[in-house]
Amino acid sequence: MSEIETADELQRREFEEALEVKSLRRIISAYLNYPEAAEEDVKRWERSLTKLPPHHKALLSHLPSKFQKLRWCITENSYFIFEMLKMFEPPLDMSQDVDIRENQHLDDVSGSHHFSRSRNLSLCESTSTSGGVDCHCLAEPSSKETCNGKYPAPFNKEQEVDDCKSLPNQDTLYASACCNGKVSSSPPEWLDPSLQLHVPLVDVDKVRCIIRNIVRDWANEGQKERDQCYRPILEELERLFPNRSNENPPACLVPGAGLGRLALEISCLGFASQGNEFSYYMMICSSFILNHTQAAGEWTIFPWIHSNCNSVSDNDQLRPVSVPDIHPASAGITEGFSMCGGDFVEVYSDPSQAGVWDAVVTCFFLDTAHNIVEYIEIISKVLKDGGVWINLGPLLYHFADMYSPEDEMSIDLSLEDVKRVALHYGFIFEKESTIETTYTTNLRSMMQNRYYAAFWTMRKKTKATFCS
């Protein structure tokens, strides 16, 4: 009997690993399919132009030149993406042959296909002393585990070459060794095109969202949003923890850390800060920026090129953005800063996390839950008695409108009900307000989506308060 149980356990692990490899391949393939999908957009715009009558087309004679500029911008974005992927070290063997369909009978063994393991991605301490779619959701469809805790070799600066050309097509990322006078080192074997999957366009849309998120977290242009969302949180932390010690800094957890800027800013205030992120899309990018940036403004991206809507001018749409605005390793982080990849519920429901954190900061995070009650329960459990929970964000509920055969669970509570649940789990309100903010918005767009986000500070009751 024990041998059968051992075999079942092995089957389950193999099946889960196969699922994760396939999920990660899909995400990497979405990044690699970015130039092809972007080129298809440009071709569609070109086809529309050809359908115009001659006297209308004559009025728009500048558009062919614009389309060529768009292609150049796509190439620049593709070069950034490829360099980012080359620095990523997959946690699993990406070259293995995986066919999930042959293992569907393992569903009964594997259960929900969720992954509880977590991986830490600390910033290397040796170097430290839309206008368009609102992409406030970048969840993965399958895997619950993210990047591993190892770091690739140091970034190699590009060597200049002459007569370089690169046009967006299916092989753009592999041809990007010749791009804007730069040459890239050879890609790892797991980036071979034969290992990539055909992915739906919705996956590539997530890549476009990542590019806009880079602006929010790591560009001067995103400073306005960071001031709206991050500054109130940072000021509240400074007020609540005025006497921070370098020898024993207060510990702050940041679930839904995204590309890591808020967690880094908290670390720079003198906290032992840990960001937690579930999305491989996010973790691949944040690890690249945090660990492999050589200088501020090292990279140039073109985040607004994917939509012609609500543009005041072509120059606004085609404008470059330099990233990052700071060199993360020189920002003055506190020892112990880290990024932990994994599902928040599975990682922090572990008993070892109980009563560990002095503060939990949630920014545009609560509504990413299938079950927001569970989120609040875990936040209460991980906080020390008397610890504080600072929250800022809306209640968009990312799974509320998902209609699928699996019928995704989504508990969509009003703000009033969220507060009632928080009180049940031992929180006391200390401060509450509403903050108007945007999310990954193009500052020069004619359309500006705004949230009236809930901002609060709650304190977890002490045991003595609970008993009284």
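Just the heavy atoms: all of them, side chains too, but no hydrogens, waters or symmetry mates, feed the values below. As the structure is a computational prediction, the values presented were derived from the model and not from experiment.
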Any side-chain donor paired with an acceptor under 3.5 Å for [X] and [Y]?
| X | Y | result |
| --- | --- | --- |
| R319 | N442 | yes |
| W299 | S322 | no |
| E430 | T457 | no |
| E235 | Y230 | no |

Taking all heavy atoms of [X] and all of [Y], pick out the closest pair and write down the distance.
| X | Y | answer |
| --- | --- | --- |
| Y425 | S380 | O-OG, 2.8 Å |
| T437 | C229 | OG1-SG, 3.0 Å |
| P249 | A272 | CB-N, 3.9 Å |
| R261 | D325 | NH1-OD1, 2.7 Å |
| K384 | K460 | O-CD, 3.5 Å |
| C363 | R216 | SG-NH2, 4.4 Å |

**Prompt:** Going through the distances and angles, do D385 and K461 end up as a side chain to side chain contact (heavy atoms under 4.5 Å, CB included)?
**Reply:** CA-CA 6 Å; D385 288 347; K461 296 178 183 178; over 6 Å; no
Does the side chain of [X] reach to within under 4.5 Å of the side chain of [Y], using non-hydrogen atoms?
| X | Y | value |
| --- | --- | --- |
| R459 | F427 | no |
| I305 | N77 | yes |
| F364 | P394 | yes |
| Q317 | S307 | no |
| L264 | I333 | yes |
| T75 | W72 | no |
| S338 | Q274 | yes |
| H306 | C73 | no |

Just by modelled atom types, is the [Y] backbone N or O under 3.5 Å from a matching donor or acceptor in the [X] side chain?
| X | Y | value |
| --- | --- | --- |
| S313 | D316 | yes |
| S267 | T334 | yes |
| H370 | M409 | yes |
| R226 | A219 | yes |
| S23 | L19 | no |
| D203 | A30 | no |
| S29 | L197 | yes |
| N449 | T441 | no |
| E298 | T293 | no |
| E432 | F455 | no |

Measure the [atom1]-[atom2] distance between [X] and [Y] for me, rounded to the nearest 0.5 Å.
| X | Y | atom1 | atom2 | value |
| --- | --- | --- | --- | --- |
| R212 | D217 | CZ | CG | 14.5 Å |
| S445 | N310 | OG | CG | 4.5 Å |
| D412 | L395 | CG | CG | 9.5 Å |
| M283 | L290 | CE | CG | 9.0 Å |
| I376 | L423 | CD1 | CG | 10.0 Å |
| Y281 | I28 | OH | CD1 | 10.5 Å |

**Request:** Taking the six-membered ring of W304 (Phe, Tyr or Trp), confirm whether the NZ or CZ of R444 is under 6.0 Å from its centre and within 45° of its axis.
**Result:** no
**Request:** Would you please test V215 and T440 for side chain to side chain contact (heavy atoms under 4.5 Å, CB included) and show each step?
**Result:** CA-CA 7 Å; V215 178; T440 65; over 6 Å; no
**Request:** Report the C-alpha distance between I372 and V421 in whole Å, list the side-chain angles of each, state the deciding distance to 0.1 Å, and finish with yes or no for side chain to side chain contact (heavy atoms under 4.5 Å, CB included).
**Result:** CA-CA 9 Å; I372 192 171; V421 171; over 6 Å; no
**Prompt:** Considering residues at least two apart in sequence or located in another chain, which fulfil the side chain to side chain contact (heavy atoms under 4.5 Å, CB included) criterion with D417?
**Reply:** L413, S414, R420
**Prompt:** Are the charged groups of K419 and E416 less than 4.0 angstrom apart, N to O?
**Reply:** no
**ring pair (Phe, Tyr, Trp, His ring centres under 6.0 Å) partners of F344, counting only residues at least two apart** = Y348, F365, Y375
**Request:** Starting from the C-alpha separation in whole Å, work towards a yes-or-no answer on side-chain hydrogen bond (donor to acceptor under 3.5 Å, both in side chains) for K66 and N308.
**Result:** CA-CA 11 Å; K66 173 190 172 180; N308 292 321; 3.1 Å; yes
**Asked** So among Y31, F288, W218, Y34, which one has a ring-ring contact (aromatic ring centres under 6.0 Å, His included) with F80?
**Response** F288
**Prompt:** Does NE2 in H62 sit with more than 12 non-hydrogen atoms of other residues, nucleotides or ligands closer than 6.0 Å?
**Reply:** yes
**Message:** Set out, in order, the CA-CA distance, both residues' side-chain angles and the distance that settles side chain to side chain contact (heavy atoms under 4.5 Å, CB included) for E236 and I233, then state yes or no.
**Reply:** CA-CA 5 Å; E236 189 70 353; I233 292 170; 5.8 Å; no
**Message:** Just checking Y439 against Y451, ring centres under 6.0 Å apart?
**Reply:** no
**Prompt:** What's the verdict on salt bridge (Lys or Arg N to Asp or Glu O under 4.0 Å) for K43 and E46, showing C-alpha distance, side-chain angles and the deciding distance?
**Reply:** CA-CA 5 Å; K43 287 180 178 178; E46 288 178 325; over 6 Å; no
**Item:** Residues D227, K224; criterion salt bridge (Lys or Arg N to Asp or Glu O under 4.0 Å); working and verdict
**Value:** CA-CA 5 Å; D227 286 345; K224 182 178 179 181; over 6 Å; no
